[in-house]
Amino acid sequence: MKSKIRWGIVGPGKIAKEFADDLMQVVDAELTAVGSRNMDRAIAFADVYKTPHIFDDYDHLFACPDVDVIYIATPHTFHKDLAIRAMKAGKHVLCEKPLGINVKEVKEMIASASENKVFLMEALWSRFNPTIQKVKGIAESGTLGDLRYINADFAFYALDKSKESRLLNLDLAGGSILDIGIYPVFLSYLLLGMPKRIEAISNFNDDGTEIQTSVIFQYENAQAILHSSLANESRMSAEISGTKGSITLDPRFHETQGYHLKAANEIRHYELPTNGKGYTYEIIEVNNCIKENKTESTLWSHKNSLELINLLDTIRQKTGVSFPFEN
């Protein structure tokens, strides 16, 4: 493996641009290729980042010998197909969340990674956020006592967007659950594990797209109250409370830059600003794993992605959320 890990990006939209900005700050990473179904978009992206290889055919990108790993930043419905095609071509893959639309897709993707002996990871960047890593350590240290309660929400108003947008289009797996509801669910899963019982209810727009969902995770001795919505604004903070103290993650909690810790009758604020937007940490993790010939990360493993999508599947089953291509 060369000293620098060579990245190719599929789907040069807003998130891909933020990702590329952060990739430029990682010393052992370089962006060598970009692919889009729209050649003009690919060229515009390549002009900004001085990317030498430009493709309007994904398979040509996957065959490029100057690319080690593919970052997939397309709408959800394309994740599985593109990831498997890339892995069959021998490329490592970092795929935006959710890794797949449902458990079946995620299992197929993990099987392909195993079959082709390549690295695969869901791009759940929050797992690598410095504050969230620190807070997980604090919770495990016993500083908060026994965890009893998590409250997390992620919401913004999006009903003024086109119904063809990826957020609202059922054919693109639109709705709040998979796009932003994944973050509150992830936080509860990260800190409390798999719940014993799940209760959930959703609201829908006129087209049948889920636009607001509230969830309760019931654990042995704890509860998590989780909310996602495209129909309203929210503060987007998160509270983690135990028998001896509590932590509040600064908004927006999925990309938080710090936290308040209340313990021993004292409240203190700690700042942990990210390097760049915050994608640098998952990029570094991928680079390290590839250099160590790993096929998955220990911080966010295939098992973690499979359990997370199991939770999202259960929420969708309980609320009646389905997509036309699943029937």
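Along the sequence shown, residues carry numbers from 1.
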Chemist: Group every Ile, Leu, Val, Met, Phe, Trp and Tyr by side-chain heavy-atom contacts under 4.5 Å, then state whether Ile201 and Ile180 land in the same group.
Modeler: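 No, Ile201 and Ile180 fall in different hydrophobic clusters.
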Chemist: Is it true that Arg85 and Asp81 have a side-chain N and a carboxylate O under 4.0 angstrom from each other?
Modeler: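 Looking at Arg85 and Asp81, the cut-off is met.
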Chemist: Testing the 3.5 Å rule here: is there a donor-acceptor pair between the side chains of Asn129 and Ser126?
Modeler: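 There is no such pair between these side chains.
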Chemist: Is it possible for you to say whether Tyr149 and Phe253 belong to one hydrophobic cluster, with membership spreading through side-chain heavy-atom contacts below 4.5 Å?
Modeler: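 The answer is no; the residues belong to distinct hydrophobic clusters.
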Chemist: Looking at residues at least two apart in the chain, or sitting in another chain, which of them share a ring-ring contact (aromatic ring centres under 6.0 Å, His included) with Phe128?
Modeler: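 By the ring-ring contact (aromatic ring centres under 6.0 Å, His included) rule, Phe128 matches no residue at all.
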Chemist: Ignoring hydrogens and angles, tell me if any N or O in the side chain of Lys117 forms a donor-acceptor pair with the backbone of Ser114 under 3.5 Å.
Modeler: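 No; zero donor-acceptor contacts below 3.5 Å.
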Chemist: Do the non-hydrogen side-chain atoms of Leu272 and Gln133 ever get within less than 4.5 Å of each other?
Modeler: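 In short, these two side chains do not touch, never coming nearer than 4.5 Å.
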Chemist: Between Phe55 and Ala33, which heavy-atom pair has the shortest distance, and what is it?
Modeler: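 Heavy atoms only, the tightest pair is CE1-CB, 4.0 Å.
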Chemist: Answer whether the closest heavy-atom distance between the side chains of Leu172 and His76 falls below 4.5 Å.
Modeler: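 A side-chain contact is absent here, since even the closest heavy-atom pair is not under 4.5 Å.
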Chemist: Are a donor atom and an acceptor atom from the side chains of Ser234 and Asp153 found within less than 3.5 Å of each other?
Modeler: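 On atom types as modelled, these side chains qualify, holding a pair under 3.5 Å.
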Chemist: Between Asp22 and Lys277 (salt bridge meaning N to carboxylate O under 4.0 Å), is one present in this structure?
Modeler: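 No salt bridge links Asp22 with Lys277.
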Chemist: Determine whether Tyr71 and Val286 make a side-chain contact, defined as any pair of heavy atoms from C-beta on separated by less than 4.5 Å.
Modeler: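 Not touching, per the 4.5 Å side-chain cut-off.
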Chemist: Please name the residue in the list Glu255, Glu18, Gln25 that meets the side chain to side chain contact (heavy atoms under 4.5 Å, CB included) test with Tyr279.
Modeler: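 The option that passes is Glu18.
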Chemist: Does CG in Asp206 sit with more than 12 non-hydrogen atoms of other residues, nucleotides or ligands closer than 6.0 Å?
Modeler: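 Result for CG/Asp206: open.
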Chemist: Tell me whether Leu159 at atom CG has more than 12 heavy atoms from other residues, nucleotides or ligands lying less than 6.0 Å away.
Modeler: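 Check passes, neighbour count above 12.
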Chemist: What's the shortest heavy-atom distance between His227 and Asn232, and which atoms?
Modeler: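 Shortest heavy-atom separation between His227 and Asn232 comes out as CE1-ND2, 3.8 Å.
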Chemist: I want to check something: taking the side chain as every heavy atom from C-beta on, are Leu192 and Phe217 in contact at a cut-off of under 4.5 Å?
Modeler: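 When only atoms from C-beta onward are counted, Phe217 and Leu192 do not touch, as no gap falls below 4.5 Å.
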Chemist: How are the rings of Phe154 and Phe156 set relative to one another: parallel (under 30°), tilted (30 to 60°) or perpendicular (over 60°)?
Modeler: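 Phe154 and Phe156: perpendicular rings.
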Chemist: So do His79 and Glu105 actually touch side chain to side chain, heavy atoms under 4.5 Å?
Modeler: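 When only atoms from C-beta onward are counted, His79 and Glu105 do not touch, as no gap falls below 4.5 Å.
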Chemist: Go through the steps to decide whether Tyr49 and Trp7 satisfy the test ring-ring contact (aromatic ring centres under 6.0 Å, His included), and finish with yes or no.
Modeler: CA-CA 12 Å; Tyr49 298 102; Trp7 287 77; over 10 Å; no
Chemist: Ignoring hydrogens and angles, state whether a donor on the side chain of Tyr219 or Ser188 is under 3.5 Å from an acceptor on the partner side chain.
Modeler: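 A donor-acceptor contact under 3.5 Å links the two side chains.
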Chemist: Which heavy-atom pair separates Leu249 from Ser237 by the least distance, and what is that distance?
Modeler: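 What the structure gives for the nearest pair is O-CB, 3.5 Å.
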Chemist: Does some side-chain heavy atom of Thr319 sit less than 4.5 Å from a side-chain heavy atom of Glu210?
Modeler: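 When only atoms from C-beta onward are counted, Thr319 and Glu210 do not touch, as no gap falls below 4.5 Å.
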Chemist: If every non-hydrogen atom of Lys4 is compared with every non-hydrogen atom of Asp68, which pair is closest and at what distance?
Modeler: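 Heavy atoms of Lys4 and Asp68 come nearest at O-OD2, 3.9 Å.
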Chemist: May I ask you to decide if Gly258's main-chain N or O and Thr256's side chain share a donor-acceptor pair within less than 3.5 Å?
Modeler: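 Looks like yes, one N/O pair under 3.5 Å.
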Chemist: Between Glu199 and Lys318, is there a salt bridge with N-O shorter than 4.0 Å?
Modeler: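 A salt bridge is absent here (no side-chain N lies under 4.0 Å from a carboxylate O).
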Chemist: Would you check if the side chain of His302 reaches a backbone N or O of Leu120 as a donor-acceptor pair within less than 3.5 Å?
Modeler: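 Yes: the side chain of His302 pairs with the backbone of Leu120.
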Chemist: Does the side chain of Tyr281 come within less than 4.5 Å of Arg127's, by heavy atoms?
Modeler: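 Heavy-atom side-chain distance check fails, nothing below 4.5 Å.
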Chemist: Go through the side-chain N and O atoms of Thr131 and Gln257 and say whether any donor and acceptor fall under 3.5 Å apart.
Modeler: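 Looking only at side-chain atoms, Gln257 and Thr131 do not form any donor-acceptor pair under 3.5 Å.
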